[in-house]
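Report on the structure given below.
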Amino acid sequence: MISLFERAAGLDLTQTEKEILAYFEKNPSSAAYMNLQDLSRVLYTSSATIVRFCQKLGLSGYNDFKYQLRRELKESGREILPFDDYIRHSIARFQDNIASLDLQTAEKIAALLTSKRPLYIYGGNLSSLPAKYLQMVLNSLDYPSILVEWERLLTALINTVSEDAVLLVLSAHGTERYLPVFRQARKRELTVILITCDPDSPLIPYSTISVCTNDINQEYRCTDVNSRIGFFTVIQILIELAARNRPETPAQ
């Protein structure tokens, strides 16, 4: 049994909350990806009631509940969705990713990206794709940046960049190997922005600002097949904020 449901069953629940729990127990895979409004309609109850149920479990709200449930389903090998649920699943994850991004944090990052300080953007393997996209668009907006795709070059740069440099690192997994770089950056008091999908990344404490997406680290035959959709979503928001920061061109 899912431990999250076991914990809920041991609580003093109202009749409505018992019905919410029964629905989750019967439909765990699909419910874990529903948005709050859809779930509210299915259960004929208010969004606030569902959120209070989640908070009774010691969670911050419904998104936190879904995250915990997805993790338990994955660990138990039960995360199997019907084919016609995959689109709704993808949309729900996309919406969750946007909802979890703190706008003030995004604005701080955009301000750093457009500050005219030396900017280095690092992404290796598949993470190089959103890194390249960000670098190309920033350059087209007249915010120069340097793309770094090789780990050895990143290691060498961290000791030589100026103290006012900004380093943005995109790393989905395998983050432990970057610890020496981040420790050296902290030692030099450099500004480091981390975008990751690992909420337990050991790099987060050494980052000036960190953003965690809900991409799922996946491998197929020892090959990284993480989609990076969450990364691209965050990058697109940063690009739009950067474009907004761009000074207006004086009329001729």
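Computed from heavy atoms alone, side chains included, the values below leave out hydrogens, waters and symmetry copies. Note that the coordinates shown come from a computational prediction; the quantities given were computed from them, not determined experimentally.
- Remark: the Asp102 side chain and the Thr105 side chain contain an N/O donor-acceptor pair separated by less than 3.5 Å.
- Put simply, the side chain of Tyr120 does not reach to within 4.5 Å of the side chain of Val169, judged on heavy atoms.
- Using a 4.5 Å cut-off on side-chain heavy atoms (C-beta onward), Leu238 and Ile195 make contact.
- Atoms OG1 and OH, on Thr196 and Tyr178 in that order, are 10.5 Å from each other to the nearest 0.5 Å.
- Checked by atom type and distance alone, the side chain of Asp38 never pairs as donor or acceptor with a backbone atom of Met34 at under 3.5 Å.
- Interatomic distance, CG of Leu190 versus CD1 of Ile158, reported as 5.0 Å (0.5 Å rounding).
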With side-chain contact (heavy atoms from CB on, under 4.5 Å) as the test, would you mind laying out the steps for Leu113 and Tyr143 before giving the verdict? CA-CA 8 Å; Leu113 299 182; Tyr143 296 118; over 6 Å; no
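- Using a 4.5 Å cut-off on side-chain heavy atoms (C-beta onward), Ile50 and Ile20 make contact.
- One distance of note links CZ of Arg186 with CD of Gln184; it measures 12.5 Å at 0.5 Å rounding.
- Rounded to the nearest 0.5 Å, atoms CD (Glu19) and OG1 (Thr49) are 11.0 Å apart.
- Nearest heavy-atom pair across Thr114 and Ala242 is CG2-CB, 3.6 Å.
- Taking OG1 of Thr213 as the start and CG of Leu101 as the end, the distance is 10.0 Å to the nearest 0.5 Å.
- Taking every heavy atom of both residues into account, Pro28 and Leu73 meet most closely at O-CD1, 3.7 Å.
- No side-chain N or O of Ser47 forms a donor-acceptor pair with one of Gln37 less than 3.5 Å apart.
- What you find for Leu21 and Ala8 is that their closest heavy atoms are CD1-CB, 3.8 Å.
- Other residues, nucleotides and ligands contribute only 12 or fewer heavy atoms inside 6.0 Å of the NZ atom of Lys26.
- Counting heavy atoms from C-beta on, the side chains of Lys187 and Phe182 never come closer than 4.5 Å.
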Evaluate the criterion side-chain contact (heavy atoms from CB on, under 4.5 Å) for residue pair Glu163 and Glu189; output intermediate values, then yes/no. CA-CA 7 Å; Glu163 293 182 355; Glu189 299 183 349; over 6 Å; no
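- Donor-acceptor pairing under 3.5 Å is lacking for the side chains of Ser127 and Asn125.
- Residues Ala32 and Leu69 come closest through the heavy atom pair CB-CD2, 3.7 Å.
- Within a 6.0 Å radius of NZ in Lys108, other residues, nucleotides and ligands contribute 12 heavy atoms or fewer.
- Side-chain contact annotation: Gln68 with Arg71, donor-acceptor N/O pair under 3.5 Å present.
- The closest donor-acceptor contact from the side chain of Ser40 to the backbone of Leu36 lies at 3.5 Å or more, if one exists at all.
- No chain of hydrophobic side-chain contacts below 4.5 Å, direct or via other Ile, Leu, Val, Met, Phe, Trp or Tyr residues, connects Met136 to Leu168.
- Formation of a donor-acceptor pair under 3.5 Å by the Ser201 side chain with backbone atoms of Asp198 is not found in this model.
- Between Asn139 and Ser145 the shortest side-chain heavy-atom distance falls below 4.5 Å.
- Between Tyr133 and Gln236, the side chains place a donor N or O and an acceptor N or O closer than 3.5 Å (distance only, hydrogens not considered).
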side-chain contact (heavy atoms from CB on, under 4.5 Å) assessment of Leu147 paired with Glu149: CA-CA 7 Å; Leu147 178 66; Glu149 298 181 78; 3.6 Å; yes
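- In this structure the side chain of Phe24 reaches within 4.5 angstrom of the side chain of Leu39, judged on heavy atoms.
- Pairing each heavy atom of Arg7 with each of Leu11, the nearest pair is O-CG, 3.4 Å.
- Here the CD-CD distance, from Glu72 to Glu6, works out to 8.5 Å after rounding to the nearest 0.5 Å.
- When Ile146, Leu170, Ile193, Val166 are each tested for a side chain to side chain contact (heavy atoms under 4.5 Å, CB included) with Ile121, only one passes: Leu170.
- The existence of a salt bridge linking Arg244 and Glu107 is confirmed by a sub-4.0 Å separation between a basic side-chain nitrogen and an acidic carboxylate oxygen.
- Residues Pro199 and Tyr67 share a closest heavy-atom pair of CG-OH, 3.2 Å.
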Which atom pairs, donor and acceptor, lie under 3.5 Å between side-chain atoms of residues 202-212 and protein residues at least two apart or in another chain?
residue	atom	partner	partner atom	Å
Tyr206	OH	Arg183	NE	3.3
Ser207	OG	Leu203	O	2.8
Thr208	OG1	Val192	N	3.0

Steps toward side-chain contact (heavy atoms from CB on, under 4.5 Å) verdict (Leu112, Thr191): CA-CA 9 Å; Leu112 288 168; Thr191 299; 3.8 Å; yes
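- Side-chain contact between Phe65 and Phe53: present, with at least one pair of heavy atoms (C-beta onward) separated by less than 4.5 Å.
- A 4.5 Å side-chain heavy-atom check between Val181 and Glu151 finds every atom pair outside the cut-off.
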